[in-house]
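Quick notes on the structure that follows.
Counting convention: from 1, in listed order, for ligands and their atoms alike. Quick note: residue numbers are just sequence positions, from 1. Since the structure is predicted, the reported quantities are computational estimates derived from the model, not experimental observations.
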Amino acid sequence: MTKQGVVVPAPAEAAVAVPPSSAPLLPYPPPRAAMRKKCLQMGPGVGGWVESMRASSPTHARAAAALAAGADEDRRAAWMVEHPSALSKFDQVVAASKGKQIVVFLDYDGTLSPIVDDPDAAYMSDTMRRAVRSVAKHFPTAIVSGRCRDKVFEFVKLAELYYAGSHGMDIKGPAKGSRHTRAAKGVLFQPASQFLPMIEQVHESLVEKTRSIPGAKVENNKFCVSVHFRCVDEKSWSALAETVKSVLKEYPKLKLTQGRMVFEVRPIIKWDKGKALEFLLESLGFADCADVLPVYIGDDRTDEDAFKVLRRRGQGVGILVSKHPKDTSASYSLQEPAEVMEFLLRLVEWERLSKARPKW
Ligand SMILES: O=P(O)(O)OC[C@H]1O[C@H](O[C@H]2O[C@H](CO)[C@@H](O)[C@H](O)[C@H]2O)[C@H](O)[C@@H](O)[C@@H]1O
């Protein structure tokens, strides 16, 4: 690794299952569900990948739910006890922030924008943008996304936020200062910069090799590459998995993880959304600080790295956006982006009111 901006060597990340911690992280958290790491490394054969692709498909989730409607209801109710709605438990969530600075971390796809077939058309609504802008007026706020940083900025269009693109491998401070953040125009951290030429290469190769698979879409996210299969016929999934696997054989310094109907090709450095969260807290002056409450909202497997960091620090609120029960290290849940917006607006309103309240 070169010295500039790079502090992380590139050892292979072990695909070990993380044992669930039984220790409570917040004074109030609901018990944590057992966590199973679902990161796909080079290990599983194509069969395992296809099984995992199926598991991430909403059609399959619905079919499974229809088959076991009763059992599913029970499962969901039990899951909601462990991961209650951050809206219905709003008072509990904000009670944890007493005397602390809230810092807000937001994933983009599936959290601020609804999931759509075309990744280039995953627009955020103006009302959501207004909600995020209001949040940023009151709290330091960061967008943490798997997307290329420039691309996610094009969608969000708010200069007062921190942005961590490429799953946290490309971090930039706000171009415009706010009451909570001073403008920190430059790039703050790019731990995978030496992988840029390799990512370019693998992107080209994946585009070329998947061309014959209808619906496959390869997206260059600068320090990582996404291979989408949302629009690929299920009959071609194993061909796609086989193709991706064969391309990656040539790149032992890259690893494969899976998101929502997408393969994510990433450098094997030990850097993820969780590390980005810690880096940003440090940049904001909250390293090893008890007076901060990070609130992280995300919907994807890659957001689990951030939820785990909050668990480990025993500090903060992890909120998973999901309609269905999922293994997660988050403490709370919200069903969809519309609920995320409601939560953000309530947070702003609560902050306004608490400032207006006399301090006895
Ligand atoms: O970390 P995120 O901001 O959630 O980014 C993760 C991936 O999001 C995008 O893909 C997902 O959203 C698309 C648009 O709704 C959808 O078509 C796709 O199936 C989802 O996986 C983005 O296109 C990827 O590059 C990101 O890695």
Side-chain angles (χ1 to χ4, degrees), residues 38-40 52-61 105-125 128 132 141-156 158 161-171 192 199 202-203 206-207 210 215-232 234 237 240 244 254-267 271-277 280 296-307 318-322 326 328 330 334 336-338 340:
K38 285 188 170 173
C39 164
L40 277 181
S52 186
M53 289 162 92
R54 280 207 188 98
S56 76
S57 151
T59 323
H60 276 269
F105 296 89
L106 301 164
D107 165 56
Y108 183 73
D109 289 279
T111 297
L112 296 182
S113 70
I115 293 291
V116 292
D117 283 350
D118 178 4
D120 294 332
Y123 302 110
M124 179 180 168
S125 67
M128 182 66 98
V132 177
T141 302
I143 304 292
V144 186
S145 172
R147 287 190 185 255
C148 162
R149 177 168 49 76
D150 289 344
K151 185 71 174 278
V152 79
F153 179 78
E154 268 174 38
F155 281 130
V156 178
L158 295 173
L161 311 182
Y162 284 81
Y163 286 86
S166 307
H167 297 289
M169 289 180 283
D170 190 6
I171 304 183
I199 293 290
V202 79
H203 171 252
L206 286 165
V207 169
T210 60
K217 185 175 170 92
V218 183
E219 194 183 2
N220 188 338
N221 285 330
K222 190 166 180 177
F223 295 106
C224 48
V225 177
S226 294
V227 183
H228 293 273
F229 55 89
R230 185 168 294 279
C231 297
V232 174
E234 201 177 323
W237 284 2
L240 181 67
V244 174
L254 300 179
K255 67 177 175 181
L256 193 68
T257 56
Q258 199 190 311
R260 294 180 71 168
M261 305 204 76
V262 66
F263 288 127
E264 310 271 16
V265 177
R266 299 153 72 168
W271 194 266
D272 53 35
K273 289 181 171 186
K275 296 263 197 251
L277 179 149
L280 283 164
Y296 188 105
I297 311 181
D299 71 312
D300 211 345
R301 288 184 194 177
T302 56
D303 297 308
E304 292 297 331
D305 295 316
F307 297 145
I319 304 174
L320 176 72
V321 184
S322 178
K326 280 186 186 165
T328 181
L334 289 168
E336 56 194 349
V340 173

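- Shown in contact with Val262 at under 4.0 Å from a heavy atom are these atoms of ligand 1, numbered in order with element: 21 (O).
- In terms of heavy-atom proximity, Leu240 sits nearest to Ala216 at CD1-CB, 4.0 Å.
- Look at Lys275 and Asp305 and you find no salt bridge, because none of the NZ, NE, NH1 or NH2 atoms lies under 4.0 Å from a carboxylate O.
- Summary of contacts: the protein heavy atom closest to atom 8 (O) of ligand 1 is Asp109 OD2, 3.0 Å.
- Of all the heavy atoms in Ala192 and Met169, the pair that sits closest is CB-SD, 3.7 Å.
- The two residues Thr328 and Phe307 have their closest heavy-atom pair at OG1-CD1, 3.8 Å.
- The heavy-atom pair separating Gln258 from Arg301 by the smallest distance is O-CD, 3.3 Å.
- Note: an N/O pair closer than 3.5 Å links Arg260 and ligand 1 by distance alone.
- The shortest non-hydrogen separation linking Val262 to Ser226 is CG2-CB, 3.6 Å.
- In this structure, Phe229 and Trp237 have perpendicular ring planes: the angle between them is above 60°, well past the 30° mark.
- Within the 4.0 Å heavy-atom criterion, both parts of Val116, backbone and side chain, lie near ligand 1.
- At the top of the distance list for atom 10 (O) of ligand 1, counting protein heavy atoms only, stands His228 CE1, 3.4 Å.
- Considering Val265, Thr210, Val202, Val244 in turn, Thr210 is the only one that fulfils the side chain to side chain contact (heavy atoms under 4.5 Å, CB included) rule with Val218.
- At a heavy-atom cutoff of 4.0 Å, ligand 1 is contacted by the backbone of Asp117 but not by its side chain.
- Within ligand 1, the atoms closer than 4.0 Å to a non-hydrogen atom of Asn221 are 25 (O), 27 (O), numbered from 1 in the order shown.
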- Task: Give the C-alpha distance, both sets of side-chain angles, the deciding distance and a yes or no for side chain to side chain donor-acceptor pair (under 3.5 Å) between Ser166 and Lys222.
- Result: CA-CA 7 Å; Ser166 307; Lys222 190 166 180 177; over 6 Å; no
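- Near Pro119, meaning under 4.0 Å from any of its heavy atoms, are these atoms of ligand 1: 14 (C), 23 (O).
- Taking the six-membered ring for Trp and thresholds of 30 and 60 degrees, Phe153 and Tyr163 have ring planes more than 60 degrees apart, a perpendicular arrangement.
- In this structure, Leu254 and Ile199 have side chains that are in contact, with non-hydrogen atoms separated by less than 4.5 Å.
- Residue contact check: Tyr108 has heavy atoms under 4.0 Å from atoms 3 (O) of ligand 1.
- The protein heavy atom nearest to atom 7 (C) of ligand 1 is Glu264 OE2, 4.0 Å.
- For ligand 1, the atoms lying closer than 4.0 Å to a non-hydrogen atom of Ser145 are 1 (O), 2 (P), 3 (O), 5 (O).
- For atom 19 (O) of ligand 1, the closest heavy atom belonging to the protein is Arg230 NE, 2.6 Å.
- Residues Lys273 and Asp300 are not paired through a salt bridge, judged by the lack of any N-O separation under 4.0 Å between the basic side chain and the carboxylate.
- Only the backbone of Pro114 comes within 4.0 Å of ligand 1, judged by heavy-atom distances.
- The N/O atoms of Lys273, backbone and side chain alike, include one that comes under 3.5 Å of an N/O atom in ligand 1.
- Those atoms of ligand 1 with a heavy atom of Glu219 less than 4.0 angstrom away are 22 (C), 23 (O), 24 (C), 25 (O).
- Nearest non-hydrogen protein atom to atom 4 (O) of ligand 1 is Asp107 OD1, 2.7 Å.
- By the criterion of a heavy-atom distance under 4.0 Å, the side chain of Ala122, and not its backbone, is placed next to ligand 1.
- Some N or O of Gly146 is nearer than 3.5 Å to an N or O of ligand 1, by distance alone.
- Here atom 6 (C) of ligand 1 lies nearest to Asp300 when heavy atoms of Asp299, Val227, Val144, Asp300 are compared.
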